[in-house]
Amino acid sequence: MALSEDFEAVLEELQDIAEQVPVPLDLPDHDDLVDIEEAILLPIPPLYRDFLLYASDLVIGGLEPATAADSSSHTYLADMAAEAWQLGLPRELLPICQRANGFYAVNQDDEIVFWSPESDSEEAAESIWHWARDIWANS
């Protein structure tokens with residue numbers, strides 16, 4: 001699935017502000033995402049799938065979004081999901097990023113919510129690309 005022009009613009013903005021790191025992260029391929037879906041028994045929503053394929057190698061600010069290429073990484077999506085669900089994140093939500101007091105998560109409609117053990121989920125962004133532009137890029 002190709003990114004729309006709007007999302008391509010957000011991706012370019014993110015790439016421009018990303019930190020240069022000595023050992024860059026890898027981007028996953030479709031097989032990596034299938035492996036994760038099989039491990040978590042939940043499909044990855046379409047926009048989040050695109051985010052993982054095109055932007056999960058970026059390092060920006062203080063938040064560390066889930067990654068899908070390296071199963072030994074502390075941000076590996078399948079492991080992050082298992083931890084979040086154990087802490088009480090509703091099973092229909094897939095975490096995209098851990099924050100000190102909870103998780104940003106995506107539902108199957110590609111909407112982003114913030115969830116913490118102390119409160120119900122609250123809407124955080126219209127989509128992963130809005131979250132990346134408005135929250136992650138400013139972290």
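Keep in mind that what you see is a predicted model, and the values were worked out from it rather than measured.
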Is there a donor-acceptor pair under 3.5 Å between the side chain of [X] and the backbone N or O of [Y]?
| X | Y | result |
| --- | --- | --- |
| Gln108 | Pro43 | yes |
| Asn107 | Asp109 | yes |
| Trp131 | Glu111 | no |
| Ser139 | Gly62 | yes |

Of the non-hydrogen atoms in [X] and [Y], which two are nearest, and what is the gap between them?
| X | Y | answer |
| --- | --- | --- |
| Ser73 | Thr67 | OG-OG1, 3.7 Å |
| Leu47 | Trp129 | O-NE1, 3.8 Å |
| Leu52 | Ser56 | O-OG, 2.5 Å |
| Gln98 | Leu63 | O-CD2, 4.2 Å |
| Asp32 | Ala68 | CB-O, 3.5 Å |
| Pro45 | Leu94 | CD-CD2, 4.2 Å |

As an exercise, state the distance from CG of Asp70 to CG of Asp57, rounded to the nearest 0.5 Å.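 The distance works out to 13.0 Å.
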Once you round to the nearest 0.5 Å, how far does CG of Leu58 lie from CZ of Phe51?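 Answer for the CG-CZ pair, Leu58 versus Phe51, is 7.0 Å.
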Side-chain touch [X]/[Y], heavy atoms, less than 4.5 angstrom:
| X | Y | value |
| --- | --- | --- |
| Val10 | His130 | no |
| Met80 | Glu64 | no |
| Arg91 | Leu41 | yes |
| Val106 | Ile128 | no |
| Leu77 | Ile44 | yes |
| Trp85 | Ile40 | yes |

Derivation and outcome, side chain to side chain contact (heavy atoms under 4.5 Å, CB included), residues Leu53 and His30: CA-CA 8 Å; Leu53 290 169; His30 290 283; 3.3 Å; yes
Tyr76: which residues meet the ring pair (Phe, Tyr, Trp, His ring centres under 6.0 Å) condition with it, sequence neighbours left out?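 Tyr76 satisfies ring pair (Phe, Tyr, Trp, His ring centres under 6.0 Å) with no other residue.
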Out of Trp115, Phe114, Trp136, which residue meets the ring-ring contact (aromatic ring centres under 6.0 Å, His included) rule with Tyr104?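 In the set Trp115, Phe114, Trp136, the residue that makes a ring-ring contact (aromatic ring centres under 6.0 Å, His included) with Tyr104 is Phe114.
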Can you sort out the partners of Glu126 under side chain to side chain donor-acceptor pair (under 3.5 Å), two or more places apart, ordered by chain and number?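 Not a single residue meets the side chain to side chain donor-acceptor pair (under 3.5 Å) criterion with Glu126.
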Output side-chain donor-acceptor pairs under 3.5 Å for residues 16-28, partner residues at least two apart or in another chain, one line each.
none

Same cluster for Leu89 and Leu87 if Ile/Leu/Val/Met/Phe/Trp/Tyr side chains link at under 4.5 Å?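 Yes, Leu89 connects to Leu87 through the hydrophobic network.
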